[in-house]
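We use all heavy atoms of the structure for the numbers below, so side chains are in, but hydrogens, waters and symmetry mates are not.
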Amino acid sequence: MNISEIAELAGVSRATVSRYFNNGYISDEKREKIRDVIDKTGYVPSMSAQALRTKKSRLIGVIVPKISSESISNMVNGISQILTKNGYHILLGNTENSIQKELEYINVFRNNHVDGIVFIATVFTKKHIEELKSLDAPVVILGQELEGYCSVFHDDYHAAKDLTKNGYHILLGNTENSIQKELEYINVFRNNHVDGIVFIATVFTKKHIEELKSLDAPVVILGQELEGYCSVFHDDYHAAKDLTQYMIQAGCRNIGYLGVTEKDRAVGVDRKEGFLNALQAAYGGVDSKSMRVCEFNSESGYRQMKQLLDDKPNLDGVVCVTDSIALGAIECIKEKGLRIPEDISVVGMGDSQISKVITPKLTTARYFYEQSGQEAAEMLVNLIDAKEINVKKLKLGYEIMQRNSVRNR
């Protein structure tokens, strides 16, 4: 598949397809036609060919001190939204507040010929200044003011762990839940000759499998189980089943369910099966009208909870497959004038920070996310160093966090 074939299938000129991939102006109608063809064919443009033609890599390096805080996540998300809209991919370097790592990432991004760098730093040494001045690519400083450079100020960042203890640098691709971006980042990492990939995905299409099989570098799947690949994942089935049983034991009899697409095996299928089997054992089944499919956000949780209450006004409990969905459901329940947990009990999954501070505090399932990242990293290092040659699967447990959103027994 090439851009001439894309043009023919979309009914547009080759030049129009070229402008589409280079973020040039085309009409919304033609853009939609080209996007439909790309979605149906799974076409991924060659990054190397584009770089040779345009003299641009379409890569932006982002250097951050820590990646686990909400503030850093929000900043990277904002950066990603704008850069993605303008046709760029992000390579993210996590330095753990190490000056040496910052200097190393400047060189990593120089060697990968990025088109620009966003640098979130805390200290600028003489060596920092020398390295930055030696770059051909433009640099924007985020969080500090540095003479001679464009700067944007911010306040806060916190903690995380990665592969750096083994001497590796991390290039992080934020796909914003886009299957197309996932496929593109596989090619970005292939073209940058990474030593290995940790892939946190929700859906695996036929094209995903083809692209993963074409890689020379080892791959570890995090958060899902994928046949033929080393995987680190969570016991989603039993977590959902235990939460549902906890609500049943608390006296809930009319329990609703706010789930997600079944294209996501872990969250969409395994958690749903845990919920259904718990109700099957206790009450002989569940009314399909008590179940809704949400997107992965609180706004969708709010909308679907509203429909659920309209259709099933006698609900006395609801299982939400993420804390974000639960937050939306709680807002809707309160706006209806109902009390939590006296009228309706609510549970989520994920044990997010906000689940501990909302009123009432949310009963939820805690997963060991940091440990899962560590295990995946160790697994990948062993694959790279040829210490591990067999496909390894690791299922991690969970903990039910009993708080105040479920009625007392």
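In summary, Glu104 and Lys101 engage in a salt bridge, as defined by a charged side-chain N under 4.0 Å from a carboxylate O. We find that Glu131 and Arg110 are joined by a salt bridge, their nearest charged nitrogen and carboxylate oxygen being less than 4.0 Å apart.
To the nearest 0.5 Å, atoms OG1 (Thr41) and CD1 (Ile38) are separated by 7.0 Å. The CD1 atom of Ile344 sits 11.0 Å away from atom CZ of Arg339, with the distance rounded to the nearest 0.5 Å. Distance check, rounded to the nearest 0.5 Å: CD of Glu225 to CG of Leu394 gives 11.0 Å. Taken to the nearest 0.5 Å, the OG atom of Ser298 stands 9.5 Å off from the CZ atom of Arg303. The distance from the CD atom of Glu32 to the OG atom of Ser27 is 10.5 Å, given to the nearest 0.5 Å. Interatomic distance, CZ of Phe233 versus CZ of Arg265, reported as 10.5 Å (0.5 Å rounding).
Nearest heavy atoms, Glu262 versus Val269: O-CG2, 3.4 Å. Summarising the geometry of Ile325 relative to Cys320, their closest heavy-atom pair is CG2-CB, 4.0 Å, with the distance given to 0.1 Å. The shortest non-hydrogen separation linking Leu308 to Lys289 is CD1-O, 3.5 Å. Taking all atoms of both residues into account, the shortest heavy-atom contact from Ala376 to Leu222 is CB-CD1, 4.2 Å. In terms of heavy atoms, Cys230 sits closest to Met379 at CB-SD, 3.4 Å. In terms of heavy-atom proximity, Gly348 sits nearest to Ala326 at CA-CB, 4.0 Å.
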Using the side-chain contact (heavy atoms from CB on, under 4.5 Å) rule, take Val347 and Val319 through it: C-alpha gap first, then chi angles, then the decisive distance, then the call. CA-CA 5 Å; Val347 298; Val319 173; 3.9 Å; yes
Would Phe109 and Leu135 count as a side-chain contact (heavy atoms from CB on, under 4.5 Å) here? Give the steps. CA-CA 10 Å; Phe109 292 153; Leu135 293 170; over 6 Å; no
Are Leu258 and Val321 close enough, and set up right, to give a side-chain contact (heavy atoms from CB on, under 4.5 Å), and what steps lead you there? CA-CA 6 Å; Leu258 296 182; Val321 297; over 6 Å; no
side-chain contact (heavy atoms from CB on, under 4.5 Å), that's the test. Do Val188 and Leu91 meet it? Break it down for me. CA-CA 9 Å; Val188 167; Leu91 302 182; 3.8 Å; yes
N/O donor-acceptor pairs under 3.5 Å from side chains in residues 355-362, not counting sequence neighbours:
| from | atom 1 | to | atom 2 | distance (Å) |
| --- | --- | --- | --- | --- |
| Ser355 | OG | Ser352 | O | 2.6 |
| Ser355 | OG | Arg403 | NH1 | 3.4 |

Which pairs of donor and acceptor atoms, one on a side chain in residues 239-246, lie under 3.5 Å apart (sequence neighbours left out)?
| from | atom 1 | to | atom 2 | distance (Å) |
| --- | --- | --- | --- | --- |
| Asp242 | OD2 | Tyr398 | OH | 2.5 |
| Thr244 | OG1 | Ala240 | O | 2.8 |

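Without hydrogens or angle criteria, Thr261 side chain to Asp264 main chain gives no donor-acceptor distance under 3.5 Å. A donor-acceptor contact shorter than 3.5 Å links the side chain of Lys393 to the backbone of Leu226. Side-chain N or O atoms of Asp323 include one that pairs as donor or acceptor with a backbone N or O of Asp351 at under 3.5 Å. Between the side chain of Ser300 and the main chain of Cys294, no donor-acceptor pair closer than 3.5 Å is present. Remark: side-chain polar atoms of Ser345 are not paired, donor with acceptor, to backbone N or O of Gly317 under 3.5 angstrom. Of the possible donor and acceptor atoms, one in the side chain of Ser405 sits under 3.5 Å from a partner among the backbone N and O of Thr363. Remark: side-chain polar atoms of Tyr185 are paired, donor with acceptor, to backbone N or O of Ile90 under 3.5 angstrom. Judged purely by atom type and a 3.5 angstrom limit, Tyr302 has no side-chain atom pairing as donor or acceptor with the backbone of Glu331.
The shortest side-chain heavy-atom distance between Leu279 and Leu276 does not fall under the 4.5 Å cut-off. No side-chain heavy atom of Ser290 sits under 4.5 Å from any side-chain heavy atom of Ile255. Lys213 has its side chain out of reach of Glu210: every pair of non-hydrogen atoms, C-beta onward, lies at least 4.5 Å apart. In this structure, Val114 and Ile60 have side chains that are not in contact, with every pair of non-hydrogen atoms separated by 4.5 Å or more. Using a 4.5 Å cut-off on side-chain heavy atoms (C-beta onward), Tyr20 and Ile6 make no contact. Side-chain atoms of Val37 and Val17, non-hydrogen and from C-beta on, never get closer than 4.5 Å to each other. Here the side chains of Val139 and Ile106 are not in contact, with every heavy-atom distance at 4.5 Å or above.
Residues satisfying the side-chain hydrogen bond (donor to acceptor under 3.5 Å, both in side chains) criterion with Arg253, sequence neighbours excluded, are absent altogether. Take Tyr283 and apply the ring pair (Phe, Tyr, Trp, His ring centres under 6.0 Å) test, not counting sequence neighbours, and it matches no residue. Remark: Thr205 pairs with His208 by the side-chain hydrogen bond (donor to acceptor under 3.5 Å, both in side chains) rule, at least two apart or across chains.
Taking a 6.0 Å sphere around NZ of Lys127, one finds it holds 12 or fewer heavy atoms contributed by other residues, nucleotides or ligands. Residue Asn111 qualifies as enclosed at atom CG: its count of foreign heavy atoms under 6.0 Å is above 12.
For Phe204 and Tyr229, the gap between ring centers reaches or exceeds 6.0 Å. Aromatic ring centres of His234 and Phe368 lie farther apart than the 6.0 Å criterion allows.
Among pairs with a residue in residues 310-321, those fulfilling side-chain hydrogen bond (donor to acceptor under 3.5 Å, both in side chains) read Asp287-Lys312, Arg292-Asp311, Asp310-Lys336, at least two apart in sequence or across chains.
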